Amino acid sequence: MKCLVFLISRIRQYYQSSKAIFCIFAVGSIVLDLLIIFMYGSTVSYMRTKHVNTSYYCTYRVITDEGDYDALSDELEKVLRENDIKDIVYSSLWRDDRSVTLFQASKNDDAGLECDKLKGRISFTESEIQNRESCVIASYFQGGGNSSVKPGDTVSCGPGEFNVIGVGTFNSGYYIPSTLFEALDLPVGSIDVILNERLAMEEHQPFMDKLSAIPGVINVIPAYGVAEDIEQVPSDIAAVAVLYIFSVAALLFLMQYMTSLNRKTDTVSELVGARRGSIAFYLFSERFLIALASSVLATAIHKIFYGSVFERFYLTAVDYEWRDYFIITAVIILTSVLASVPFVISYVRRSALGTLRK
Amino acid sequence: MRKYFLILRSFYKNIIISAAFLLMITAIAELLLAYLAGTYRYYTRTDRLFEGMMHGNDAVCVSCFSLDGPDEAFYDTLDGMSAVKEIYRYEFCGNVTYNGRTVQLLLANAEMLRDYELLECDSFYSESGTENGLLQGIAVGDFTETKGEARDVSFGYGDGTVTVRIIGSIASPYYIPDLDVAATGLTSYDLIAPCGDTVIIKDSREVRELLGGSGFRISPKGLSFMILFNDCAESETQAVYDLLEENDLYYTDADTVAADSRKVTSDTLDRIMPLPVYLTLLSAILTFCFSILFLHSKMDLILTFYLCGCSKKRGYAIMISSLGAVGALATVMSIMILSADNGKTLMDLFNTEHFASDHTLYVLLICYWLFLLFLSAFASLLIYRRRSCAAVRRKVEL
């Protein structure tokens, strides 16, 4: 408590000794904190992509040990009952002496959701599905090059011959009707579960665990976008912290100036027996206190005026949660203290008493 | 000048580290600002070039996803349809040489380049695409300087030469409609791309005869083409779409291309904008803070000038010019980097290809410096507005 009172009196002393500089420093600190909150929302990947709902963020791949279509299908239905599913795509690799062919079947009986039609059709008709006709939608890229197949062609691959009904922009393999996939009894190598809406960060891991619990599942590959965002969080926050160190260092020149103006306070401290280490401790503590106060104030301003003022500065909608504000506050406080290290060292290197005598 | 330099030196004595810090931040902010503005300029200009090509017509961009594109009979059928106004496509005539450089000759619909923003020429192609028995062409690239005036240029071709009357040129950065791409999500940035060492010749019967007579072989070029529609009934347009589908051709209408392009622009700006905005604001805040800090710490120096008979006005001039020197130096540095190698240094620095540099960027940098100067002036006014230097000094001392 004594320490806190002393720190507050020091800060009050700064204000009294040079009101203009102190006000500029305070306002500058708050503006800088608001700017770093803006930077956090605009540059940290997971903040920018919170509203992105592409398949990149909604597709979870379940790798199975070549399981049975019916059994896996039933299990998935049970597990995914509570989730809003857009499509489920089953994949099977057909291996023969000469080549490996990928067959895929979508629950919606089309060629997936993300591909465009290049030639013919990219969805199966009711009769093709019911009659389990041997027809395929071919990919544009086959065997590393552009496909020359056209609708009406017959391709011989895997378990027999198939009529090509269309060509899509997907990368490899053939889409067949789900009924045919089941009838051919193709072993399921992987299943793509495509959600209608991407999951929130905290729902991601429980969903992965749920999929992993299905019998016969070897591995679950998370949605690439979500996994990538999680992976990038530390480096993104580090980048924001480095940027803040440079920014706050500039403001600390003002702080240094105020500290130098009030060297007499430290002289008195030294006269009554304070060591240089203690002075350094108080300097760090006051940096900490100022950073805490300015960051809390900036967070409050941002939170209160986000809808009416700050939202306009963002090109895409960015949602800040309390967790994000907490991370930003922690970054601001830590980096402020870190950035003040060279300033404090250069200050305490010379004794305040000695400087005054000189 | 020497006096000013001495004043500057005494002003920045002991505060050189903080001044260097401010200089660094300002220079980085200005470079980032130039990068942001140049990127925005590239996107808007490319969009404008694409929209200019349409001449206000409805249009579709057609991609051929097959190794063998449509044949001449298809184009004849398409050309004969009532809905079709123009077909933009390239045909390759062959390579010729000029001053040791290989130049390609392309045959194209001349309407594609009519009113093209980057085209510099006094007159356009004639009806036949020839003039005094010579082919007319538009040069793309820096292999010949026309400055908008027509001139005859002889190109080496086999053992002989072929002379082309160059009626104009496409100005730097040599962006022309690029029909070499086939894609489903086309944007104007795919369709307008840089091209070097090319002569575009008008496609006409006379030109084809002339080229055939000179031994040139004409072959199709590119994986896509564009169709401009007349104002016509929907059924007539639908007939064109049906023909394209029959031939397994993928098409995207120009409005979709424009909308996709806008999305790319928005996404890119969204990605690159935060840092320049952050640093620009930071540099402005710091200029203001540091100006006050510098003036406070240099109060004795300013008082000395005042006591030596320096008027209040001149005192302000010294303060503002001294404070503005940091911004000026940063601006000079930024302009030097921006103008080095016609903006390529900056493009390498930010690892981007989508950047357009022109005089507006220099104007922007100078305006930004003037803004910083205004902040410095405001800071000095804030301190010395009413009182003299001596009065302010005395107050601080008390």
Side-chain angles (χ1 to χ4, degrees), chain A residues 17-18 20-21 23-25 27-29 31-32 34-36 38-45 48 115-120 140-141 145-152 166-169 239-240 243-244 246-258 260-261 313-316 318 342 346, chain B residues 15 17-22 24-26 28-29 63-68 182-185 223 245-252 265-297 379 382-383 392 395-396:
Chain A
S17 66
S18 180
I21 299 261
C23 288
I24 289 167
F25 173 76
V27 173
S29 298
V31 172
L32 199 62
L34 285 170
L35 278 174
I36 211 72
F38 165 76
M39 277 303 282
Y40 181 88
S42 310
T43 57
V44 174
S45 304
R48 285 163 49 85
C115 80
D116 287 313
K117 181 194 81 172
L118 291 179
K119 297 170 189 175
Y140 177 58
F141 300 102
N146 297 351
S147 164
S148 57
V149 292
K150 297 193 289 290
V167 177
T169 51
V240 169
L243 192 65
Y244 190 74
F246 277 99
S247 316
V248 83
L251 274 186
L252 286 173
F253 280 106
L254 286 179
M255 186 76 188
Q256 183 80 343
Y257 177 74
M258 286 190 290
S260 304
L261 277 184
F313 296 106
Y314 300 88
L315 288 180
T316 51
V318 178
S346 77
Chain B
I15 53 169
I17 294 174
S18 37
F21 196 89
L22 180 64
M24 189 185 75
I25 297 270
T26 309
I28 295 172
S63 296
C64 317
F65 287 100
S66 55
L67 298 176
D68 46 342
T184 52
L223 294 166
E245 289 199 4
E246 274 169 32
N247 285 274
D248 288 328
L249 293 167
Y250 184 89
Y251 58 87
T252 317
T265 308
S266 155
D267 288 349
T268 311
L269 290 181
D270 183 29
R271 189 170 45 79
I272 67 170
M273 211 172 73
L275 195 59
V277 169
Y278 177 85
L279 280 180
T280 309
L281 286 173
L282 179 72
S283 128
I285 294 167
L286 290 187
T287 303
F288 185 70
C289 294
F290 275 38
S291 296
I292 290 185
L293 177 66
F294 291 168
L295 290 175
H296 258 272
S297 53
L382 212 63
I383 295 179
V392 174
K395 185 172 176 282
V396 171

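Note on naming: letters A, B, ... go to the chains in the order of the sequence lines (proteins, then strands), and numbering restarts at 1 for each one. Only a predicted model underlies this, so the values are computations on that prediction, with no experimental measurement involved.
The parts of B:L269 that come within reach of chain A are both its backbone and its side chain, each placing non-hydrogen atoms under 4.5 angstrom from that chain. B:I15 does not touch chain A: none of its heavy atoms, backbone or side chain, sits under 4.5 Å away. Neither the backbone nor the side chain of B:S283 comes within contact range of chain A; no heavy atoms are under 4.5 Å apart. For a residue to count as touching a neighbouring chain, one of its non-hydrogen atoms must lie under 4.5 Å from one of that chain's; by this rule B:L293 touches chain A with backbone and side chain alike.
Here CG of A:L32 is found 7.5 Å from CG of B:L286. Values are rounded to the nearest 0.5 Å. Note that CG of A:L254 is 8.5 Å distant from CD1 of B:I292, once rounded to the nearest 0.5 Å. The OG1 atom of A:T43 sits 14.0 Å away from the CD1 atom of B:I272 when rounded to the nearest 0.5 Å. Distance check: A:S42 OG to B:R271 CZ gives 13.5 Å after rounding to the nearest 0.5 Å.
Between chain A and the options B:S63, B:S266, B:P274, the largest number of non-hydrogen pairs under 4.5 Å is found for B:P274. Ranking B:I25, B:D267, B:L22, B:L275 against chain A, the residue ahead of the rest is B:L275, based on heavy-atom pairs under 4.5 Å.
Under the 6.0 Å cut-off for aromatic ring centres, A:F253 and B:F21 qualify, their centroids lying closer than that.
Side-chain atoms of B:I285 and A:L35, non-hydrogen and from C-beta on, do get closer than 4.5 Å to each other. Put simply, the side chain of A:F25 does not reach to within 4.5 Å of the side chain of B:C289, judged on heavy atoms. For the pair A:R48/B:D270, a side-chain contact is recorded, criterion being any heavy-atom separation below 4.5 Å from C-beta on. Side-chain contact between B:L281 and A:V31 is absent, with no heavy atoms from C-beta onward closer than 4.5 Å.
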